[in-house]
Peer 1: 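Supplied in structure tokens, the structure appears directly below.
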Amino acid sequence: MKNICVIPNIHKDKNLRTTRSLVEWIIQHGYKPILNEVVAQKIGFFEYGKSGTEIFENSDFIVALGGDGTILNVARQCASFSTPILGVNLGHLGFLAEVDAENVVEAVEKIVNDEFFIDKRMMLEASIIKENMEAVNLIALNDIVVTRGSFSRMVKLKVFVNEQYVNTYLADGIIISSPTGSTAYSLSAGGPIVYPNLELFIITPICPHTLHSRSIIVSEKDKVKLVIVGENQDVMATTDGQQGYKLNSGDTIYVKKSNRYTNLIRLKSMNFFELLRSKLSERNFNI
């Protein structure tokens with residue numbers, strides 16, 4: 001029996017119509033849907049609700065209904081389980097979603113018939129050190145960003161690669177991006193577009209107060225260190241733009257390649273350059 005986890009973005013799937021329709025199809029065809037308890041209650045399928053990590057431990061694959069933000073959130077949550085993810089786009093500008101809502105049933109049917117392949121994407125891992133002790137460990141698919149907090153002032157950051165000093169930046173922040181994240185915040189900050197299946201880091205300063213700062217690309221074997229310097233710094237570390245952690249002067253962030261991967265389900269070979277033309281064309285922004 002195929003256990004199919006369905007995780008919707010409740011803000012994009014209005015009244016959970018797409019979710020309910022997909023769950024009904026799964027049941028009618030002899031498969032088992034897995035939902036979080038809140039969604040299961042809302043659509044009236046209480047018996048299929050699971051709590052916490054149970055939804056990932058018991059799933060053969062996940063259908064993420066929403067957009068890139070939903071997929072990023074799911075990717076972090078299921079990283080320890082390597083559960084494959086099918087991204088279904090209910091939004092507009094998406095790079096990670098494989099299909100649109102109207103094709104979701106056809107896509108799931110192909111997956112249960114093993115007509116798919118896995119697109120493995122490198123993830124990032126960060127350790128935040130406070131007072132010489134690890135305070136928190138973070139994981140991300142797109143990027144780990146250290147940026148100013150609630151006040152409109154620049155922050156001062158020292159950057160090292162493998163303990164070799166790179167530069168001290170007075171800027172709005174620093175983006176450490178994976179290749180997958182090169183078309184996200186890093187691109188907006190002037191970073192390069194990188195083929196998503198490569199394994200490397202992109203270090204991009206955000207609005208640096210200098211004329212010569214550029215993105216730096218380092219290998220997946222390297223370890224990046226950021227040190228918060230200066231007094232009364234109001235700084236945040238964020239993962240994929242979704243989770244935040246407050247930092248103070250003297251705190252250190254180490255970023256490295258994670259030993260975990262995001263496994264994206266693909267039904268056809270992806271032409272990355274065609275995707276770029278499609279998603280970054282001018283018409284996509286006239287929403």
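Along the sequence shown, residues carry numbers from 1. The shown structure was predicted, so the numbers you read here are calculated from the model rather than taken from an experiment.
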Peer 1: Verify salt bridge (Lys or Arg N to Asp or Glu O under 4.0 Å) between Asp234 and Arg153, making sure each step is shown before the conclusion.
Peer 2: CA-CA 9 Å; Asp234 180 26; Arg153 61 175 66 147; over 6 Å; no

Peer 1: With heavy-atom distances below 4.5 Å as the criterion, would you say the side chains of Ile7 and Leu65 are in contact?
Peer 2: no

Peer 1: Can you name the closest pair of heavy atoms from Ile174 and Pro205 and give their distance?
Peer 2: CD1-CA, 3.8 Å

Peer 1: Please check: side-chain N/O of Asp68 versus main-chain N/O of Leu96, any donor-acceptor pairing under 3.5 Å?
Peer 2: yes

Peer 1: Could you report the tightest heavy-atom contact between Ile85 and Ala64, atom names first, then the distance?
Peer 2: CG2-CB, 4.1 Å

Peer 1: Does Lys268 have more than 12 heavy atoms from other residues, nucleotides or ligands lying within 6.0 Å of its NZ?
Peer 2: no

Peer 1: Would you check if the side chain of Asn263 reaches a backbone N or O of Ser82 as a donor-acceptor pair within less than 3.5 Å?
Peer 2: yes

Peer 1: Checking Asn3 against Ser59: is there a side-chain donor and acceptor pair closer than 3.5 Å?
Peer 2: no

Peer 1: Inspect the contact between Glu98 and Arg266 and indicate whether a charged nitrogen and a carboxylate oxygen are less than 4.0 angstrom apart.
Peer 2: yes

Peer 1: Could you state whether Tyr185 and Val159 fall into the same hydrophobic cluster, counting links through intermediate Ile, Leu, Val, Met, Phe, Trp or Tyr residues with side-chain heavy atoms under 4.5 angstrom apart?
Peer 2: no

Peer 1: Please indicate whether His29 has more than 12 foreign heavy atoms, meaning atoms of other residues, nucleotides or ligands, lying under 6.0 Å from its NE2.
Peer 2: yes

Peer 1: Please check if the number of heavy atoms outside Gln41 that lie under 6.0 Å from its CD is greater than 12.
Peer 2: no

Peer 1: Is any side-chain heavy atom of Leu35 less than 4.5 Å from a side-chain heavy atom of Ile43?
Peer 2: yes

Peer 1: Does a sphere of radius 6.0 Å around CG in Asn132 hold more than 12 heavy atoms from other residues, nucleotides or ligands, not counting ones at 6.0 Å or beyond?
Peer 2: no

Peer 1: Counting N and O atoms only, with roles assigned by atom type, does the side chain of Asp251 sit under 3.5 Å from a partner on the main chain of Asn248, one being a donor and the other an acceptor?
Peer 2: yes

Peer 1: Just by distance, no angles: are the side chains of Glu24 and Ser21 close enough, under 3.5 Å, to form a donor-acceptor pair?
Peer 2: no

Peer 1: Answer yes when Asp222 and Lys257 have at least one side-chain N-carboxylate O distance shorter than 4.0 Å, and no when they do not.
Peer 2: no

Peer 1: Does the side chain of Glu134 pick up a donor-acceptor pair with the side chain of Tyr254 at under 3.5 Å?
Peer 2: no

Peer 1: Mind running side chain to side chain contact (heavy atoms under 4.5 Å, CB included) on Phe201 and Met122 for me, showing each step along the way?
Peer 2: CA-CA 10 Å; Phe201 298 105; Met122 166 187 155; 3.9 Å; yes

Peer 1: Go through the steps to decide whether Val6 and Ile34 satisfy the test side chain to side chain contact (heavy atoms under 4.5 Å, CB included), and finish with yes or no.
Peer 2: CA-CA 6 Å; Val6 182; Ile34 296 177; over 6 Å; no

Peer 1: Donor-acceptor pair, distance only, cut-off 3.5 Å: does the side chain of Ser178 make one with the backbone of Leu141?
Peer 2: yes

Peer 1: If you count every heavy atom of other residues, nucleotides or ligands that lies below 6.0 Å from Glu47 atom CD, does the total exceed 12?
Peer 2: yes

Peer 1: Keeping the roles fixed (side chain from Thr147, backbone from Asp172), state whether a donor-acceptor pair exists under 3.5 Å.
Peer 2: yes

Peer 1: With under 30° as parallel and over 60° as perpendicular, where do the rings of Phe273 and Tyr195 fit, or are they tilted in between?
Peer 2: tilted

Peer 1: Hey, is the main chain of Thr18 close enough, under 3.5 Å, to the side chain of Asp13 for a donor-acceptor pair?
Peer 2: yes

Peer 1: With the side chain counted from C-beta on, respond yes when Val63 and Ile4 share a heavy-atom pair under 4.5 Å apart, and no when they do not.
Peer 2: yes

Peer 1: For atom NZ of Lys130, is the number of surrounding heavy atoms from other residues, nucleotides or ligands below 6.0 Å larger than 12?
Peer 2: yes

Peer 1: Heavy atoms, side chains only, cut-off 4.5 Å: are Val155 and Ile228 in contact?
Peer 2: no

Peer 1: Are Thr262 and Lys120 packed together at the side-chain level, in the sense that at least one heavy-atom pair is separated by less than 4.5 angstrom?
Peer 2: no

Peer 1: Do side-chain atoms of Asp100 reach the backbone of Asn103 as a donor and acceptor pair under 3.5 angstrom?
Peer 2: no

Peer 1: Do the side chain of Asn73 and the main chain of Gly69 share a donor and acceptor less than 3.5 angstrom apart?
Peer 2: no

Peer 1: When you check the side-chain N and O atoms of Tyr261 and Ser258, is any donor under 3.5 Å from an acceptor?
Peer 2: no

Peer 1: Can you name the closest pair of heavy atoms from Pro8 and Leu16 and give their distance?
Peer 2: CG-CD2, 3.8 Å

Peer 1: Is the side chain of Asn36 donor-acceptor paired with the backbone N or O of Val38 at a distance under 3.5 Å, no angle test?
Peer 2: yes

Peer 1: Treating Asn9 as the side-chain partner and Thr70 as the backbone partner, does any N or O pair qualify as donor plus acceptor under 3.5 Å?
Peer 2: no

Peer 1: Of all the heavy-atom pairs spanning Pro179 and Ser182, show the shortest one and how long it is.
Peer 2: O-OG, 2.9 Å

Peer 1: Same cluster for Met154 and Ile203 if Ile/Leu/Val/Met/Phe/Trp/Tyr side chains link at under 4.5 Å?
Peer 2: no

Peer 1: Of the non-hydrogen atoms in Ala184 and Asp143, which two are nearest, and what is the gap between them?
Peer 2: CB-OD2, 4.4 Å

Peer 1: Any donor-acceptor pair under 3.5 Å linking the side-chain atoms of Asn197 with those of Asp119?
Peer 2: yes

Peer 1: Restricting to non-hydrogen atoms, name the atom on Asn89 and the atom on Gly67 that form the minimum distance, rounded to 0.1 Å.
Peer 2: OD1-CA, 4.1 Å

